[in-house]
Amino acid sequence: MSLPNMPVPSVSLPSLLAVHAHPDDESLFSGGVLSQHAAAGSRTAVVTTMWWKGATGSPP
């Protein structure tokens with residue numbers, strides 16, 4: 001029994017999303033990983049979130 005000739009799907013590099021709770025966390029904790037993946041051609045993105053008591057959408 002032989003397998004049918006099927007097209008081989010192209011393999012793309014992964015996307016990497018880093019989500020951090022504080023500014024500078026990406027450089028302190030995952031900057032090297034993000035840099036290596038970006039240098040290899042992966043799509044990289046960083047989301048930084050913050051919240052403080054009484055937040056109204058603008059920093060105090």
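Hydrogens, waters and symmetry mates are skipped; everything else that's a heavy atom, side chains included, is used.
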Item checked: From Ser42, Ser15, Ser30, residue fulfilling side chain to side chain contact (heavy atoms under 4.5 Å, CB included) relative to His37 -> Ser42
Item checked: Nearest non-hydrogen partners of His22 and Glu26, listed with the distance -> O-OE1, 4.3 Å
Notebook entry, point to check: Less than 4.5 Å apart, any side-chain heavy atom of Pro23 and any of Thr48?
Noted result: yes
Item checked: Joint hydrophobic cluster, Val33 plus Val46, side-chain heavy atoms closer than 4.5 Å -> yes
Notebook entry, point to check: Under the side chain to side chain donor-acceptor pair (under 3.5 Å) test, which residues partner Thr44, sequence neighbours left out?
Noted result: none
